Structure formats: structure tokens, C-alpha cells
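Heads up, the thing below is written out as C-alpha cells.
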Amino acid sequence: MIAAIVQARMGSTRFPGKTLADIAGEPMLGHVVDRAKRIPGVEEVIIATTDNPGDDILADFAERRGLRVHRGSELDVVDRIYGAARHFKVSVIVRVTPDCPLLDPQVSGLVVRRFLEAGSSLDYVCNTEPRTFPDGLDTEVFSLETLERLWREARLPSEREHVTLYLWKYPEKFRVGHVTYHRDLSRLRWTVDEPSDLEFVRAIYARLGGSGCFGMGEVLAVLEREPDLIEMNKSRIPNEGYYRSLAKEIAVPCVERRLTMSHGLKARAELLIPSGTQTLSKGPTQFVQGVAPVFLTRGSGSHVWDVDGNEYIDYPMGLGPVILGHNYPAVTEVVVEQAKAGVTFSLPHPLEVEVAEVLTEIIPCAEMVRFAKNGSDATSGAVRLARAYTGRDIIACCGYHGWQDWYIGTTTRNRGVPKAVQSLTIPFEYNNIDSLQRIFANHPGQVAAVIMEPVGVVEPQQGFLEHIRELTTGEGALLIFDEIITGFRLALGGAQEFFGLTPDLACFGKGMGNGYPIAAVAGRREIMKLFDEVFFSFTFGGEVVSLAAACATIKEIRTKNVISHLWEQGQKLRDGYNVMSKEFGVHGSTACVGYPPRTIVTFKDGSGTEALILKSLFQQECLKRGILFSGNHNVCFSHNNHDIDRTLRVYRTAMEILAEAIEKGDALGRLEGKPVEPIFRPV
Ligand SMILES: Cc1ncc(COP(=O)(O)O)c(C=O)c1O
């Protein structure tokens, strides 16, 4: 049988979740499969995906389409493809990849025909070497015998991962045929590696989608008519030209707002509620007082309304939990139903088991799970568990881990934390392995665990996380990933899936329930079992409305293109911000950094004005134009292109004002209220 085997997975370092990204109302993989089915000579399309739970969604997708699926190793792709071919008795393999939604069946058909016409005189035929076709029409055809040889002879991890690498390294061992085009179109990039590539493909589908399965000729005709489209995914920063042109546009005017109710309520709160808030990061000190709203009453999707009725595009999104959007229908519906059925019972509810099962399916380290309400519950539970498991007391930490004594004692907000407790937790610096090694060296045999945010403001340097994994294992300490922010955001299985590095324990919260209070500790069974004895128990631990919300939220993330959407929209905000800060000449003072699903806007005081004053001025100008800006972008599934475009236009105006203030040194004088204050700093 001649079959097209599509090797597909959800993970991708540059663009996770892209495989199911939406193109003209259809997931990318759907387009690839439809096109592969039309390749002349191909009798069947088979999906070869990985064993990873994160790829269940692909297997489900394939099954719904009536496709046969083979699952195997993520990294040994040769074995996976060979397994699929053997299993389904494929004699001629047509290899296509899921990142080619513009695959041309007629072009692929030429490769198949060349292989078949050669009889047994060729082992392998492709159209990629020498490259003459656009990148993204790649087709390789080979026999089961050839694949079997690769499977037997390829040894190195790279040769196992990149299916035909071995063949290209030892061309003398194989008889290779080539299909080339009479023109050199190799500079055209039609494959989807990054969000900008997806934009390009979408633009093509928007123009040709109605004309059935269009081919290379039609795409070339579009590019002939609109050569600017080629620029879309050409530059290293996609849409760079667009962001630059934004910088040249006219300023966005302020919207008319009144804040009377907010100010009245604030005065009442100050008499009754210390700091006027339950959460310091949401409190008055974090926003320019006088300009900022103080109370919000309603949210819908990516927008919120303050108590005076003013509307804002929301970026704090409740400090991150609202990952789908405010009042997201699929979550609200189950929550309402559950509230009617009961919220808190005297015995466990079946949803505890269901959600635990889901987490063990999608999170690499999760063999057992315990639920909690706040991220701090989860991190503190994990730390106590690690101490019990190892019989040691010292904790090394990196990042923010919540309000409990063991962590907050390491910061300037340590009042009320006994010195004895403070001395047991020692912070180390991100991307500085020496700073962690010193802790182990100074406390031999005493470190119970390293708890860390796997990624914070900056990306990990090559080998940093792997080094920590080795160090902790070698020292008999546990590695705990605090995935309160990264969980369900960087990838479905969190940072541990994204980086391919499994900790012993991990903590989740925030995005897990789209704003409902739920958190979790997950990890290796052998360690988690100790929760039988370690006290981790609270009245609301199994509160059911939040479990129902978590169930619905995770289902949405799993079945829709949520993660790729966060990457795409986040990248636009990050790139747009940075291109404009360069255009206005203030990139040395402010930049947007971090992985796209959650980026942070940094302000530096190199210009002589304190960083928080610069931040306050920028925030003030955003608030006055309807953007709730607190210094980071917790993008959600509901932030649409219109939101991003509006935000970048407002940023452009705020940036112009900031640039002028930096130049004149008068940022403080431009503030119309009290500047933002720090909550704490490391000691
Ligand atoms: C990385 C990290 N860990 C732990 C926490 C504490 O979570 P919570 O505020 O829900 O207790 C937070 C909260 O922002 C966090 O960002």
C-alpha cells in the first residue's frame, strides 16, 4: 500500500500547538491531511504521533476524521514512522510534515510518480534537495526497505529524530532520486514554523480558500499580484514594518472617564480594609492613584468595566488566572450548573477524581495530585512534603512562591516571620548555577528541595535547567517546579512539557480554573504518597464549583487552539512594543521581554528617572486610553486582533509621551497622581 504518513505532535519549541492552529476555520493538520489525500497514487493518510498525553488531542482529531493513528516515541521519529509503516502494512511511504498547509498534491504526486517509475532502481526520491520548490511543499517518498535500513543503521539521537538525516549523511549507501522545478523558488517560505508564517498562510487562504484545493500555481499568482505578502514572514520580527508604521501614526486621544465611584469606595475601604485590598498586586499602590480605577465590577472576554462604567482592555487578567476570558461561556455554564447542584459537600465529589485523572494525563511529572485553593497552598504543601520525604530542612528557591512564612521571609516584607524560619530558605539567582551550587556546598546533605519558577522574566540559558535537574538528583534533593504561572500557559503540560524536563513535584494554580480558586500539587507517586502522613488539608480543598471550572477550562485548552493563540497574540504585543520603543529611541529604558504567552514590560532608570516613575507615566497614559496596564501581559484566549491592534496604538502614544519625558527629564512632573510603589524586594 502507498500511504502518506504525517508525523505530528503538539509540542514545538518555537510555536507550540501550531499543529491545530486555525486556518480559515480548519485546524492546520486538517488542511495537510486533505491535501495529502489528494496526492495521486496515495491510498491512505496515516497519522504518526507521540505517546505523550499532550498529543491525545491529535489522536482524537485523527480518529474523528476516520484516519488511522500510530503512536510512538517523541524523539525517536524513525522508530515511530517505521512502527506506523509496519503496523499498517505500508510498502511505499510518502512522508509529509504537518507544518505544510500549502502542500500541493500535484507537486507531491510528481515525487511519487518518479519513485514508482524508477521501479527498484531508487531507494528514495524527494523534492527538497536541491531545493527549487518553495519551502513548504516538501515531499519524500521511500520504500519500507529503505525505512527499515534507516531504523537499523541510524544510531545518533539526531539521526533518530530527523528521519532522513542518516540517508543524507551517507548518500553513497542509498540510491537517491530528485524532483526539481524549472525555476528557483527556494527563497519562498510557505512552511509554518512561527506565528508570522501562520499569518502568511492565513492570508493566502483568505484569498484562495474558496477555490477548493488550490495549488502552487494559484499561490504564485497571488504573490505576483500582491508581492507585499512575501514580506509578511520574511523578517526576523514578523510584521516589523507594520509596527514601524504604527509609530508614525497620529496619537490616540484620551477617552472620557469619570472615577467618582471608585474614589468614594476607596475612601470607605481605607477605613475598613488594611491596604484597601485583599491582594497587594491588585491594590491602590500598584496603579497611579487619581488616574486609575480602583474597583472593577464586570468582565467579558478580554474587557473589564470599572465601578463607574468605564471600559478597559484587560492585561493583568486577575493576575493571570483568567486564561480563556472573563465570563467565558463554556466555563460559566458548568459553574452555574454546579452551583445549583451544590458547592461544598461533606464527602469527596467525583470531580476530584476526574480532574486528578486529567492532570496525570497532561502533566509529565504528575502521577498523583492534591488540590488546594491558592498557589501558596500548593508551594507550601510541596515544600513540607519535600522536607518530610528527605528528612532535611533547607530550601533553595528562585522566583516568587506566595505569602507563606517559608518564602516571604526571604523578602523585605518579612515582618512577623521568625528569624529561625527565615534562615531555612535561601534564594538563588536565575541563570546562575554557581549561586545554587554555593547553597549545596554551604549546607551539605541539608537541602530538601530546590523550588523554582522554571522561567521568569528571562529565558533559561542553554543547559541551566538540565544542570539543576542533575544537581538535585546528585545531591538527593527534590526538584519542584513552581508552575503557578507557566502551567497551562507555556504549553498544555506547563514548562516541564515545553522544556522537556521533568521535576519531582510541581505546583499549579492560576490558569487552571479560568479565575476560580483552585490549585494543585502534582508529582511522583512515591513522594506524593507521603501526603497520607504530611498534613495538607483544608475545608475548601475539594470545593466543587472550582473543580467544575477546572474541568471545563482544561478541556477548552486541550481541544481548542488556546496555547497557540496565547503565543501568537503575545508575540505581537512583545514585538510591537519593542519595535516601537526602538522607533521612539527609548529601548534602553523600556522593553517587553519573556516568552509570548506571558510577557513583562521592564523599565530601567538609566536615564536618571526612577524606573517606577517611568512605569507610572506609561501606565497613566494607557489607563487614560482604556488599557488596563500593570506591567505585564497575561494574554488570554479572548484577546483578539482588534484588542491587540488597539493596544499597540495606545502603546505608541504612551511611548511617544514617555520618550519626550525621558528626553526632558520631567516624567515625575507629568504624573497626574501618586506613582506606583514596590510591594517588596528580595532582602
Ligand atoms: C510563581 C508563583 N508562585 C506562587 C504564587 C502564589 O500564588 P497565590 O497568590 O495564588 O497564593 C504566585 C502568585 O502570583 C506565583 O506567581
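Just so you know, ligand 1 is whichever comes first in the structure, and atom 1 is the first atom listed for that ligand. Bear in mind the structure is a predicted one, so any value in this text is a computation, not a measurement. Sequential numbering from 1 along the given sequence is applied to the chain's residues.
- Atoms of ligand 1 found under 4.0 Å from any heavy atom of Lys510 (numbered from 1 in listed order, with element): 13 (C), 14 (O), 16 (O).
- Under the side-chain contact (heavy atoms from CB on, under 4.5 Å) test applied with Arg384, the options Tyr389, Phe535, Phe531, Trp406 reduce to a single match, Phe535.
- The aromatic rings of Tyr400 and Tyr407 lie perpendicular to each other, with more than 60° between the two planes, well past the 30° mark.
- With hydrogens left out, the protein atom closest to atom 5 (C) of ligand 1 is Tyr400 CE2, 3.8 Å, a heavy atom.
- Ring geometry for His303 versus Trp305: interplanar angle of 30 to 60°, hence tilted.
- Taking every heavy atom of Ile485 and a limit of under 4.0 angstrom, the matching atoms of ligand 1 come to 16 (O).
- For ligand 1, the polar-atom distance check finds an N/O of Gly375 within less than 3.5 Å of one of the ligand's N/O atoms.
- Of the protein's non-hydrogen atoms, Ser376 OG, 2.5 Å is the one closest to atom 11 (O) of ligand 1.
- For ligand 1, the atoms closer than 4.0 angstrom to any heavy atom of Glu453 are 1 (C).
- In terms of polar-atom proximity, Thr379 is not counted as a contact of ligand 1, lacking any N or O under 3.5 Å from an N or O of the ligand.
- With a heavy-atom cut-off of 4.0 Å, Asp482 touches ligand 1 through its side chain alone.
- Aromatic ring centroids of Phe428 and Tyr430 lie 6.0 Å or more apart.
- At a heavy-atom distance under 4.0 Å, only backbone atoms of His401 (N, CA, C or O) approach ligand 1.
- Ring centroid separation for the pair Tyr651 and His633 comes in under the 6.0 Å cut-off.
- When only modelled atom types and interatomic distance are considered, Tyr577 and Thr590 share a side-chain donor-acceptor pair under 3.5 Å.
- Classification of the Phe637-His565 ring pair by plane angle, with boundaries at 30° and 60°, yields perpendicular.
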